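Excluded from the calculations below are hydrogen atoms, water molecules and symmetry mates; all remaining heavy atoms, backbone and side chain alike, are included. So you know, we letter chains A, B, ... as the sequences are listed, proteins then strands, and number each from 1. Since we're looking at a predicted model, the values are computed, not measured.
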Number of protein chains: 2
Amino acid sequence: MPFRDGTGPPWWQGKFRGCGYRLTIPREAILGVLSKTSKHLSAEDVYLAVHKAYPAIGLTTIYRTLDLLVQIGLVFKFDFGDGRARYELSEGPKGASHHHHLVCTGCGRVIDYTDFIDEEVELLNRTEKGLSKKFNFRITNHLIQFYGLCDRCRSKK
Amino acid sequence: MPFRDGTGPPWWQGKFRGCGYRLTIPREAILGVLSKTSKHLSAEDVYLAVHKAYPAIGLTTIYRTLDLLVQIGLVFKFDFGDGRARYELSEGPKGASHHHHLVCTGCGRVIDYTDFIDEEVELLNRTEKGLSKKFNFRITNHLIQFYGLCDRCRSKK
DNA sequence: TTGATAATGGAAACCATTACCAATAGGAGA
DNA sequence: TCTCCTATTGGTAATGGTTTCCATTATCAA
Ligand SMILES: [Mn+2]
Ligand SMILES: [Mn+2]
Ligand SMILES: [Zn+2]
Ligand SMILES: [Zn+2]
């Protein structure tokens, strides 16, 4: 799955080398899966997808690797309220795709939205700056989610 | 714990009657605990606190009641990443205390902040309006959290 | 090649939450 | 007040996502 050929190194190699971690087959396979979808995969989802190409890779490794990727900052971990963690690549090759989430509390559907992102991020940056100063925090990340009922769930009731 | 005396009915009674739910001893006890703290209690925290005054109330009822309170909108449920849900009264008697959270990824400390809240809420309302229209959602709630390292955890590293 | 260390995978353990079910409490109506 | 129906409750057992444990394997520097 990952690029072992002459296509050039995947854009995430630097992140690994820099931190002293090895870029192994399982890690590349997991990153490969995450980079090929825009869905919000659970650990098991990742496991099943990876399993097709590499049946020897175990679920434990999936959890461990996802934790590592979250630590490094390559992956975001979310809780949408369905009892399992969801994972998503934090940025594409070009650093694009920053977005927030709209969650239906009826059916669990999750929608990515990028509208209003600019305004939000601008305010967030200002807020982060203020909070950092006031509470002496080094802020590294933020989470914004909206909850509500989607059209389908609204008509059902 | 709850106000069975002549102090007047607690401000949350209306919410119950309106929805056809009974305001029982366990429910009042749980609301009593939540209304007397500004901490972010887990279900077990609530259980232990309630247990002192009402040893007969079981953990199952705590979970059930917290779910109910979340549904009614009296309580917010949070995930700060420590593997257990945290609960907090959504509003005080005077509807005050709307705030967001600052979470330390090092030690798990959670700080309530109200600074910048006005600006944030104003933008949030605008965003909610836009998202409602675009995705045909009925938005009922939002979540904002900032993550980072607190001063203590920063110096430890 | 060798040795030290990082990484892995399977099985078992963990533990917050839920499901189940029999017992109890409360309120509307007779 | 008495009766019936339903909401509510509490203990126990299960559930299931996630971690822990440990023996094995892969990787890299010397
Ligand atoms: Mn997303
Ligand atoms: Mn709070
Ligand atoms: Zn829905
Ligand atoms: Zn800290």
Side-chain angles (χ1 to χ4, degrees), chain A residues 1-2 4 12-13 15-33 40-72 74-75 77-87 108, chain B residues 2 4 13 15-33 40-72 74-75 77-87 108:
Chain A
M1 263 338 153
R4 286 286 193 205
W12 56 63
Q13 278 200 4
K15 289 265 186 182
F16 271 84
R17 295 293 145 84
C19 301
Y21 294 115
R22 296 176 188 165
L23 193 41
T24 62
I25 302 278
R27 289 172 180 175
E28 276 195 309
I30 291 169
L31 280 166
V33 165
H40 308 99
L41 302 180
S42 67
E44 191 186 6
D45 291 336
V46 174
Y47 170 72
L48 292 174
V50 165
H51 192 77
K52 287 175 189 162
Y54 301 91
I57 295 177
L59 183 55
T60 302
T61 297
I62 304 293
Y63 275 104
R64 253 190 315 237
T65 302
L66 287 172
D67 278 351
L68 178 68
L69 295 176
V70 168
Q71 272 184 15
I72 294 181
L74 279 177
V75 164
K77 180 180 184 177
F78 293 101
D79 168 37
F80 294 134
D82 67 339
R84 58 186 58 192
R86 300 277 168 177
Y87 300 87
Chain B
R4 284 289 193 202
Q13 278 200 4
K15 288 265 187 180
F16 270 83
R17 295 295 146 82
C19 302
Y21 294 115
R22 295 177 190 166
L23 193 41
T24 63
I25 301 277
R27 288 171 182 176
E28 276 195 309
I30 291 169
L31 281 166
V33 166
H40 308 97
L41 302 179
S42 67
E44 191 186 7
D45 293 336
V46 174
Y47 170 73
L48 292 174
V50 164
H51 192 76
K52 288 174 189 163
Y54 301 91
I57 295 177
L59 183 56
T60 303
T61 298
I62 304 293
Y63 276 106
R64 252 189 314 235
T65 302
L66 287 172
D67 277 352
L68 179 68
L69 295 175
V70 169
Q71 272 184 15
I72 294 180
L74 280 178
V75 165
K77 181 179 184 179
F78 292 101
D79 168 38
F80 294 134
D82 66 340
R84 60 187 57 194
R86 300 278 168 176
Y87 301 86

When rounded to the nearest 0.5 angstrom, what is the spacing between CG in A:L48 and CG in A:L59?
9.0 Å
Salt bridge (Lys or Arg N to Asp or Glu O under 4.0 Å) involving [X] - partner list, sequence neighbours excluded:
X: B:D45; answer: B:R86
X: B:R22; answer: none
X: B:R64; answer: none

Can you check the [X] [atom1] to [N] [atom2] distance for me, whole Å?
X: B:I25; N: C:dG26; atom1: CD1; atom2: P; result: 8 Å
X: A:Y21; N: C:dT8; atom1: OH; atom2: C1'; result: 16 Å
X: A:I62; N: D:dT18; atom1: CD1; atom2: P; result: 13 Å
X: B:D79; N: D:dT18; atom1: CG; atom2: P; result: 11 Å
X: B:Y47; N: D:dG11; atom1: OH; atom2: C1'; result: 10 Å
X: B:L23; N: C:dG26; atom1: CG; atom2: P; result: 12 Å
X: A:L68; N: D:dT19; atom1: CG; atom2: C1'; result: 16 Å
X: A:Y54; N: C:dA7; atom1: OH; atom2: P; result: 18 Å

Within the modelled atom types, does a donor on one side and an acceptor on the other bring the side chain of B:R22 and the base of D:dT8 under 3.5 Å apart?
no
If you define the side chain from C-beta out and look only at heavy atoms, does anything of B:K77 sit under 4.5 Å from B:V75?
no
Using a 4.5 Å cut-off on heavy atoms from C-beta on, say whether the side chain of B:L68 contacts that of B:F16.
yes
Residue list, ring-ring contact (aromatic ring centres under 6.0 Å, His included) with A:F80, at least two apart or on another chain:
A:H40, A:F78, A:H101
Does the pair B:Y21 and B:L69 meet the rule for a side-chain contact (heavy atoms from CB on, under 4.5 Å), with working shown?
CA-CA 11 Å; B:Y21 294 115; B:L69 295 175; over 6 Å; no
Double-helix bend of the helix from C:dT1-D:dA30 to C:dA30-D:dT1, axes at both ends from 5 pairs, round to 10°, gives 30°
Can you see which heavy atom on A:I62 is nearest to which on A:A43, and at what distance?
CG2-O, 3.5 Å
Quick one: which protein N/O atoms are closer than 3.5 Å to N/O atoms of nucleotides 14-23 of chain C? Pair and distance per line, please.
{"from": "C:dA16", "atom 1": "OP1", "to": "B:R84", "atom 2": "NH2", "distance (Å)": "2.4"}
{"from": "C:dT17", "atom 1": "OP1", "to": "B:A85", "atom 2": "N", "distance (Å)": "2.8"}
{"from": "C:dT17", "atom 1": "OP2", "to": "B:Y63", "atom 2": "OH", "distance (Å)": "2.6"}

B:R27 side-chain N/O to D:dT8 phosphate OP1/OP2 under 4.0 Å
yes
